[in-house]
Amino acid sequence: MSYAPDEPSSAATPLPAAVPATFESRVGRDPSLPLEIGLVNNMPDAALRSTERQIRGLLERSCGDLGFNLRVYNIPEVPRSQAGRELARNYRDIAELWHTALDGVIVTGTEPRSDDLRQEPYWDTLTRLMEWADEHTTSSIWSCLAAHAALQHMDGIERRRLAQKRSGVFDCTRESDHLLTVGLPERLRMPHSRWNELALEDLVKAGYSVLTRSPEAGADAFVKQKRSLFLFFQGHPEYDADTLILEYRRDIGRYLRGERETYPTVPRGCFDGAVLQQLQMLRLLAARHRNEATLAAFPLALATSHAEKSWGETATALYRNWLQYLAVSSRRVRAA
């Protein structure tokens, strides 16, 4: 099911009776009104629409009886091709956001062009967005690069470059009984896809509460309470079952076209033995024939037919808790 940017996702209804007792309302919010949520979609051109669809779908699966309006925004300084700019024209300009009242905002990452995020052309707008979110929302979600940028700006925490891309589905543990982890299992799985990381010890030292953690992938989800509640993901709960597979195929294509020097590492936990065997054959073929035509040997149909979304229920629980927190804790003044 799809919705226009401002169309409520469901009929406005009262809050479910099963809101966890740890949620405490700060104002007398009218529960008949839908939540107002913003999405600042900074993803690269090829992933722009799919990311919007993934986040929209996750919100729909998580909202229960809560209605919500989703407004999608564009930061003009994010570098885009002509085709990407055409897609982004369907979004609201970020300048409109500064004068808009929202309950929560979700901010995605993008592929950086500089090792120093402060040199990115969108840095000033992104940091203004952080300050706006703290003053004007109940809570915000920051994903991947957006999380890295937020911690660098707010607490001077520098991300660290990894020796190779951290890609795959990783085992995690629930580390906190925070209100956002209500209903999460003790052990869970979550997809990651990044070249950089925030060190766990840096987060703890700066006062962040780690919600979920992977022994291999590090901090997965973590929060910090400022005037607003900031929720950060180094992983990607919104991903579809085949997203990592498609990203891996894209990265092989970049190698074959000479856009990257090294052949990409196989994502963790995404392929069974039969697919892995074909992928190994593709790598040998690519070593002999480094041209884009070789990508036709990628076993896409077989790989995607076996894809499983093992993090789906966890992602839904996380977002459900976040939406319920917005519903009962909204600072936004509601019209009578």
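We count residues from 1, following the sequence as given.
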Here the pair of heavy atoms bringing Leu48 nearest to Arg80 is CD1-NH2, 3.4 Å
Without swapping roles, check the side chain of Thr294 against the backbone of Ala286 for a donor-acceptor pair under 3.5 Å. no
Relative to the ring of Tyr208, is the ring of Phe232 parallel (under 30°), tilted (30 to 60°) or perpendicular (over 60°)? perpendicular
So, Thr125 versus Glu77: side-chain donor-acceptor pair below 3.5 Å or not? yes
Flag yes if more than 12 heavy atoms outside Gln277 fall under 6.0 Å of its CD atom; otherwise flag no. no
Hey, are Gln234 and Asp220 close enough side-chain-wise for a donor-acceptor pair under 3.5 Å? no
If you measure from CH2 on Trp311 to CZ on Arg189, what distance do you get to the nearest 0.5 Å? 8.5 Å
Regarding Glu60 and Arg56, does a basic nitrogen lie under 4.0 Å from an acidic carboxylate oxygen? no
Pairwise side-chain contact, Leu102 with His136, heavy-atom cut-off 4.5 Å (strictly under): no
With a 3.5 Å distance limit and no angle check, can you tell me whether Glu238 reaches the backbone of Leu58 through a side-chain donor-acceptor pair? no
Tell me, with the steps shown, if Glu36 and Arg71 meet salt bridge (charged side-chain N to carboxylate O under 4.0 Å, His left out). CA-CA 8 Å; Glu36 299 293 339; Arg71 309 183 188 201; 3.6 Å; yes
Nearest non-hydrogen partners of Pro299 and Val275, listed with the distance: CG-CG1, 4.2 Å
Surrounding CG of Asp272 (heavy atoms of other residues, nucleotides or ligands, distance under 6.0 Å), is the total greater than 12? yes
Any donor-acceptor pair under 3.5 Å linking the side-chain atoms of Gln82 with those of Arg85? yes
Could you see if Trp195 belongs to whatever hydrophobic cluster contains Tyr248? Use Ile, Leu, Val, Met, Phe, Trp, Tyr and a side-chain cutoff under 4.5 Å. no
Report the distance from atom CZ of Arg257 to atom CD1 of Ile252, rounding to the nearest 0.5 Å. 11.5 Å
Donor-acceptor pair, side chain of Arg159 and main chain of His148, under 3.5 angstrom: no
Donor-acceptor pair, distance only, cut-off 3.5 Å: does the side chain of Ser139 make one with the backbone of Gly104? no
Under a 3.5 Å cutoff, is there a donor and acceptor pairing between the side chains of His153 and Glu131? yes
Which value, rounded to the nearest 0.5 Å, describes the distance between Asp103 atom CG and Asn69 atom CG? 10.0 Å
Taking the cut-offs as 6.0 angstrom to the six-membered ring centre and 45 degrees off its axis, would you call Lys224 and Phe230 a cation-pi pair? no
Arg61 NZ/CZ over Tyr319 ring centroid, <6.0 Å and within 45° of normal: no
What's the shortest heavy-atom distance between Pro44 and Glu111, and which atoms? CG-CG, 3.7 Å
Met190 vs Val169, side chain to side chain contact (heavy atoms under 4.5 Å, CB included): CA-CA, chis, key distance, verdict: CA-CA 5 Å; Met190 194 61 66; Val169 184; over 6 Å; no
Any donor and acceptor pair, going by atom type alone, linking the side chain of Asp240 with main-chain N or O of Asp242 inside 3.5 Å? no
Ignoring hydrogens and angles, tell me if any N or O in the side chain of Asp93 forms a donor-acceptor pair with the backbone of Ala95 under 3.5 Å. yes
Let me confirm one number: the CG-OG1 distance from Asn42 to Thr110, rounded to the nearest 0.5 Å. 6.5 Å
Lys165 versus Ser193: any side-chain heavy-atom pair under 4.5 Å? yes
Taking everything shown except Glu96 itself, do over 12 heavy atoms lie less than 6.0 Å from its CD? yes
Closest contact, heavy atoms only, Cys144 versus His236: SG-NE2, 3.6 Å
When you compare the side chains of Gln164 and Thr262, does any donor N or O come within less than 3.5 Å of an acceptor on the partner? no
From Leu35 atom CG to Leu326 atom CG, the distance as rounded to the nearest 0.5 Å: 5.5 Å
If you draw a 6.0 Å radius around CZ in Arg161, do more than 12 non-hydrogen atoms from other residues or ligands fall strictly inside? yes
Test Tyr91 against Tyr73 for ring-ring contact (aromatic ring centres under 6.0 Å, His included), laying out the working first. CA-CA 5 Å; Tyr91 293 170; Tyr73 295 87; 9.0 Å; no
Take Arg160 and Asp202, measure what salt bridge (charged side-chain N to carboxylate O under 4.0 Å, His left out) needs, and give me the verdict at the end. CA-CA 11 Å; Arg160 303 177 184 178; Asp202 291 342; 3.3 Å; yes
Quick one: pull up CZ in Arg268 and NE2 in His192 and give me the separation to the nearest 0.5 Å. 12.0 Å
Under 3.5 Å, is there a donor-acceptor pair linking the side chains of Glu292 and Tyr255? no
What are the two closest non-hydrogen atoms of Arg227 and Glu135, and how far apart are they? NH1-O, 2.7 Å
Any donor-acceptor pair under 3.5 Å from Thr181 side chain to Leu184 backbone: no
Asp251 side-chain N/O to Arg254 backbone N/O, donor-acceptor pair under 3.5 Å: no
Is it the case that over 12 heavy atoms from other parts of the model lie below 6.0 angstrom from the CZ atom of Arg187? no
Side chain to side chain contact (heavy atoms under 4.5 Å, CB included) assessment of Ile37 paired with Leu323: CA-CA 10 Å; Ile37 300 173; Leu323 291 171; 3.4 Å; yes
Minimum heavy-atom distance between Ala147 and Leu198, given as atom pair plus value: O-CD1, 4.3 Å
Say whether, by atom type as modelled, one donor and one acceptor occur between the side chain of Asp45 and the main chain of Ser81 under 3.5 angstrom. yes
Using atom types as modelled and distance alone, determine if a side-chain donor or acceptor of Thr304 lies under 3.5 Å from a backbone N or O of Ala301. yes
Just checking, any donor-acceptor pair under 3.5 angstrom between side chains of Trp142 and Ser140? yes
Asp134 and Ser228 side chains, donor-acceptor separation under 3.5 Å: no
